[in-house]
Protein chains: 2
Amino acid sequence: MATTWQEQLRTAGLRVTRPRLSVLQVLAERPHADVDTIVSAARALHPTLSPQAVYGVLQALVSSGLARRIEPAGAPALFELRVGDNHHHLVCRSCGAVADVDCTVGAAPCLTPSDTAGFVVDEAEVVFWGLCRECRVRTPGVTAQVLQHDNRGGVNA
Amino acid sequence: MATTWQEQLRTAGLRVTRPRLSVLQVLAERPHADVDTIVSAARALHPTLSPQAVYGVLQALVSSGLARRIEPAGAPALFELRVGDNHHHLVCRSCGAVADVDCTVGAAPCLTPSDTAGFVVDEAEVVFWGLCRECRVRTPGVTAQVLQHDNRGGVNA
DNA sequence: CCGTTTCCTTGAATCAGTCAAATCACGGCG
DNA sequence: CGCCGTGATTTGACTGATTCAAGGAAACGG
């Protein structure tokens with residue numbers, strides 16, 4: 001990372017504070033962390049940090065483009081520092097683990113819908129649902145069960 | 001609709017009750033309704049209907065495959081009766097309006113990620129974010145503002 | 001080093017959704 | 001046609017994630 005967190009914050013017009021640096025550090029170590037995780041981990045760096053402070057910091061980071069908020073259905077929000085590089089996410093239905101997926105295709109046909117119903121689209125968000133390797137190994141029979149509760153059928157496309 | 005709601009419920013192994021028929025009716029008239037909307041509208045058909053009953057009904061419908069639950073980030077869950085036909089959604093950042101998008105492409109390259117990080121993927125969910133026609137007309141300057149708060153950049157693909 | 005502005009803390013409130021116990025009614029059986 | 005058992009609904013309380021508001025503290029320009 002050529003630029004430091006300090007520089008990034010200043011460039012974004014934000015003051016450099018201990019809570020913000022702590023949160024940034026945590027997010028750098030753990031991409032896709034939820035608020036709870038961030039609070040716990042950041043307290044190692046700043047023991048008096050309050051959850052509300054973390055919410056405030058995250059909102060500031062997201063608003064200024066330093067962080068991105070993702071909200072998998074049925075789970076608390078997650079935050080990541082990878083921004084502006086067009087990537088999507090794999091989410092495990094069983095444990096909630098999240099992995100990044102680079103979008104290899106420049107102009108994906110499915111992502112520029114023919115009929116936009118009068119909408120002006122500025123972003124296409126893709127979430128891949130499945131089971132991570134650990135969960136598949138741990139509970140081999142889970143697939144059918146899990147699928148039953150969510151949308152059935154194969155991969156939508 | 002060749003089959004009646006009664007038949008669909010019985011086929012799914014569910015009892016035919018007034019709350020369920022009311023909710024189905026409402027969903028048929030208003031695709032993409034949230035729980036609040038469903039409760040209000042369904043009370044016209046069944047005045048003593050409780051919110052918890054609606055939650056129960058919706059859970060039963062989703063579990064049995066008669067309805068689908070969608071959860072746009074930052075909004076309460078929405079429900080629809082279109083199931084099993086691989087379609088996605090357009091969501092208005094301003095008013096939350098939702099429209100269906102048929103997925104015209106059979107095998108979309110972006111939807112079978114090359115590197116699945118060990119995940120077994122069973123569904124690809126796509127959400128197109130933008131502004132609906134009404135919101136664009138109503139508040140022509142909103143686009144920039146709105147985008148500032150969410151992920152910036154052009155259409156991810 | 002001081003003042004202004006922004007940020008963090010503390011405490012309370014909101015909202016969506018869930019849990020649990022008791023009542024009610026669908027629909028099979030006699 | 002009416003009874004019974006299972007499953008559904010009602011009522012009420014509760015959790016968990018997130019937000020709001022007021023006062024105090026800290027950043028940073030001068």
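Nothing here was measured: the structure is a model prediction, and the numbers come from that model. To find a chain, count down the sequence lines: A is the first, B the second, and so on, and within it residues start at 1.
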Validation row: [X], [Y] side chains within 4.5 angstrom (heavy atoms):
X: A:Pro51; Y: A:Val35; result: no
X: B:Gln25; Y: B:Ser22; result: no
X: B:Leu81; Y: B:Trp5; result: yes

Check: What is the bend of the helix from C:dC1-D:dG30 to C:dG30-D:dC1 when you compare the axis at one end with the axis at the other, using five pairs each and rounding to 10°?
Finding: 30°

Check: Which of these nucleotides, D:dT11, C:dC7, D:dT19, is closest to any side-chain atom of A:Gln59?
Finding: D:dT19

Next item on the list: Between D:dT19, D:dT9, C:dC8, spot the one nearest the side chain of A:Val57, thanks.
Entry: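 Output: C:dC8.
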
Check: Are any of A:Arg10's side-chain N or O atoms less than 4.0 Å away from OP1 or OP2 of D:dA27?
Finding: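 For D:dA27, neither OP1 nor OP2 has a side-chain N or O of A:Arg10 closer than 4.0 Å.
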
Check: Is A:Tyr55 near enough to D:dT18 that one of its side-chain N or O atoms lies under 4.0 angstrom from OP1 or OP2?
Finding: yes

d([atom1], [X]; [atom2], [N]) in whole Å:
X: B:Leu78; N: C:dA16; atom1: CG; atom2: P; result: 12 Å
X: A:Gln52; N: C:dC8; atom1: CD; atom2: C1'; result: 10 Å
X: A:Leu14; N: D:dC28; atom1: CG; atom2: C1'; result: 14 Å
X: B:Glu71; N: C:dC15; atom1: CD; atom2: C1'; result: 14 Å
X: A:Leu49; N: C:dT10; atom1: CG; atom2: P; result: 10 Å

Next item on the list: Check whether more than 12 heavy atoms from other residues, nucleotides or ligands sit under 6.0 Å from atom CZ of A:Arg133, and answer yes or no.
Entry: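 Count not over threshold, so no.
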
Do [X] side-chain atoms and [Y] backbone N/O form a donor-acceptor pair below 3.5 Å?
X: A:Arg43; Y: A:Leu49; answer: yes
X: A:Glu7; Y: A:Thr4; answer: yes
X: B:Arg69; Y: B:Leu58; answer: no
X: B:Gln6; Y: B:Val16; answer: no

Note to self: Testing the basics here: between B:Asp100 and B:His32, what is the closest heavy-atom pair and its distance to 0.1 Å?
What the structure shows: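 So the minimum-distance heavy-atom pair works out to OD1-NE2, 2.7 Å.
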
Notebook entry, point to check: Hey, does A:Ala60 reach any base, or is it just sugar-phosphate, or nothing, if we go heavy atoms under 4.0 Å?
Noted result: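 Nothing, no heavy atom under 4.0 Å.
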
Check: Tell me, which of residues 15-47 of chain A have any heavy atom that sits under 4.0 Å from an atom in DNA chain D?
Finding: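 Within this stretch, A:Arg15, A:Val16, A:Val35 sit under 4.0 Å of the strand.
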
